[in-house]
Amino acid sequence: MTHQDYRYKQAFPKIGIRPTIDGRRKGVRESLEEQTMRMATSVAELLTAELRYPDGSPVECVVAESCIGGVAEAAAAAELFNRSNVGVTITVTPCWCYGTETMDMSPSIPTAIWGFNGTERPGAVYLAAVLSAHAQKGIPAFGIYGEDVQDGGDTTIPDDVREKLLRFSRAGLAAATMKGRAYLSIGSVSMGIAGSIVNDSFFQEYLGMRNEYVDMSELTRRIEEEIYDPEEYKLALAWVKENCIEGPDNNPPHLQTDRKRKEYEWETVVKMTQIVRDLMAGNPRLAELGFTEESMGHHAIVSGFQGQRQWTDHSPNGDFLESILNSSFDWNGKRSPYLVATENDSLNGVSMLFGSLLTHTAQIFADVRTYWSPDSVARVTGHQLEGKAKDGILHLINSGSAALDGTGQQSRDGNPALKPFWEITDEEVQTCLQSTSWRPASVEYFRGGGYSADFLTKGGMPVTMTRLNLVKGLGPVLQLAQGYTVDLPDEVHNTLDQRTDPTWPSTWFAPILTGTGAFTSVYEVMNQWGANHGSISYGHIGADLLTLASILRIPVSMHNVPDSEIFRPRAWGLFGTSEPESADYRACSVFGPLYR
């Protein structure tokens, strides 16, 4: 079986804290040492208490061994950080420091600077000076400056500073965690979907990732040669029979298969799930069975399975493996989701990866299938949409690959939610499973059969729909829409659901409208969406996504994040302040990919 310690055998990146100080001795520096180091330790304590890694462990911080008053101490801190696997840095200071002598010069490590807002010493002056140096040297940095003046001896972190420290750190760690990992392409292009054309230059230059490839025939080889843990397979199949409810066969009678074939398909999809996971993360058990090479895996943090059509025309589809791996639990218990993109849509896979690293929750992969206007719903069902759905809704639905967490059967403070695996209860796991039926696949689509998850997402959850697109001559572009899942009366949902494929999972989504740009109407959100797929994350995480995108130098083409929540490197303002969207494009173009 794959254990968490093996899956995460590569250490997670740490956050380096850099206390900078006025280097003048004989009174000035000495008077500031304690306050400066206290700022650093306070930030470290905050981040360790509030942030976690994908395995649930607290984020680790490394504080420089001394305050940094000049280039020698800056170099010593950089050497310490290199030894300590630091992937993100935060500089803190209450005073003036020598900017270019104390700044972090690492061009590919996300960095932020907190300049203390106090009148006793000019921390704000240093902040402005060093951010100017960062812009001039082409190393964008985030500036953090509290709105309210603090007293010199104040050791607290103001709420607005706290929010920016956490937002930057979440995004910075997401970027650092991707670096050096792989996207595993299982198969190639599915049905001409452009997102299936895996662009290695994008992964390398923008994400610091490599690309790995295996043909889908590798699954056939491993099934036929039994390159999987047979003991785990027995456990998994027993768990599936006990917990996965087989739903009605929606195929016409002449296309329905017999019980023997259905059992074969269950056995096959369970083996496929084990094999894809082992391809991604490796499995030391395979080495014990004599398959040392296969035991290593491909160091993949995200993968994609082509499926259609070369696989699904002959073999059971990948819906079960995708749904289970994307969920926060399986027969081995609760664990962080393994991200698998349907139809090998690598760009939606990256969208899922962004959301997963920022929230540590499962992601819902879906088609952005249909816009239902209030008039259309009323015409077809007689029902008048109301509440958050009053302006229309989007039907998010795919062929069964959505994580079971997407049922919304987990809860927080009495409300439906998707939670990190370490917060999910055993009862919530069972409720997610009991709220999902596994429908025999539509044979007209999937000639080889298989099983598709069928569930309805609970309404009332704040969610963010995200999509990464590639544009020739421009590069990657991100778009997102914050909104809410909504409930419809059963008869209304059933009527609308029957017009598509009722064997697939459904999420009814109402984006928040702002009256500007793509958010003048729900129709326009659908009309401006850049591809046929989207990734849905729990929570309104748009501000974190914007911060992450700016770290990676990916412009954002549409979003409905309030202006007050947008946090990008200070240099973005030098490209214009009256039109932030245009400035974002210009800044990303000038500074270029993080790893170019």
(request) Check step by step if side chain to side chain donor-acceptor pair (under 3.5 Å) holds for Thr342 and Glu322. (result) CA-CA 7 Å; Thr342 300; Glu322 293 162 1; 3.0 Å; yes

(message) Show every salt bridge (charged side-chain N to carboxylate O under 4.0 Å, His left out) that has at least one partner inside residues 422-436, sequence neighbours left out.
(response) Lys334-Asp426, Arg412-Glu423, Lys419-Glu428

(request) Check whether more than 12 heavy atoms from other residues, nucleotides or ligands sit under 6.0 Å from atom CG of Asp490, and answer yes or no. (result) no

(request) Output the distance between atom CG (Asn348) and atom OG (Ser535), rounded to the nearest 0.5 Å. (result) 5.5 Å

(request) Can you sort out the partners of Tyr484 under ring-ring contact (aromatic ring centres under 6.0 Å, His included), two or more places apart, ordered by chain and number? (result) His540

(message) Tell me if the OH atom of Tyr523 is crowded by more than 12 foreign heavy atoms within 6.0 Å.
(response) no

(request) Can you sort out the partners of Phe446 under ring-ring contact (aromatic ring centres under 6.0 Å, His included), two or more places apart, ordered by chain and number? (result) none

(request) Drop me the distance from Ser452's OG to Asn317's CG, to the nearest 0.5 angstrom. (result) 5.0 Å

(request) Kindly indicate, with the supporting measurements, whether the criterion side-chain contact (heavy atoms from CB on, under 4.5 Å) is fulfilled by Met272 and Ile223. (result) CA-CA 8 Å; Met272 289 167 64; Ile223 290 172; 4.2 Å; yes

(message) One thing to verify: whether Asp249 and Arg439 come together as a salt bridge, which I'm taking to mean a side-chain N less than 4.0 angstrom from a carboxylate O.
(response) no

(request) Identify which one of Arg167, Arg170, Lys164 satisfies the side chain to side chain contact (heavy atoms under 4.5 Å, CB included) criterion when paired with Thr547. (result) Arg167

(request) Kindly write out the residues that satisfy ring-ring contact (aromatic ring centres under 6.0 Å, His included) with Tyr538, not counting sequence neighbours, or none if the list is empty. (result) none

(message) Taking ring-ring contact (aromatic ring centres under 6.0 Å, His included) as the definition, give me every residue that meets it alongside Phe519, ordered by chain and number, with sequence neighbours left out.
(response) none

(message) What's the separation between atom CD1 in Ile536 and atom CG in Leu396, rounded to the nearest 0.5 Å?
(response) 4.5 Å

(request) Name all pairs fulfilling the salt bridge (charged side-chain N to carboxylate O under 4.0 Å, His left out) condition that reach into residues 338-357, sequence neighbours left out, sorted by first residue then second. (result) Asp345-Arg467

(message) With a 4.0 Å cut-off on N to O distance, would you call Asp487 and Lys458 a salt bridge?
(response) no

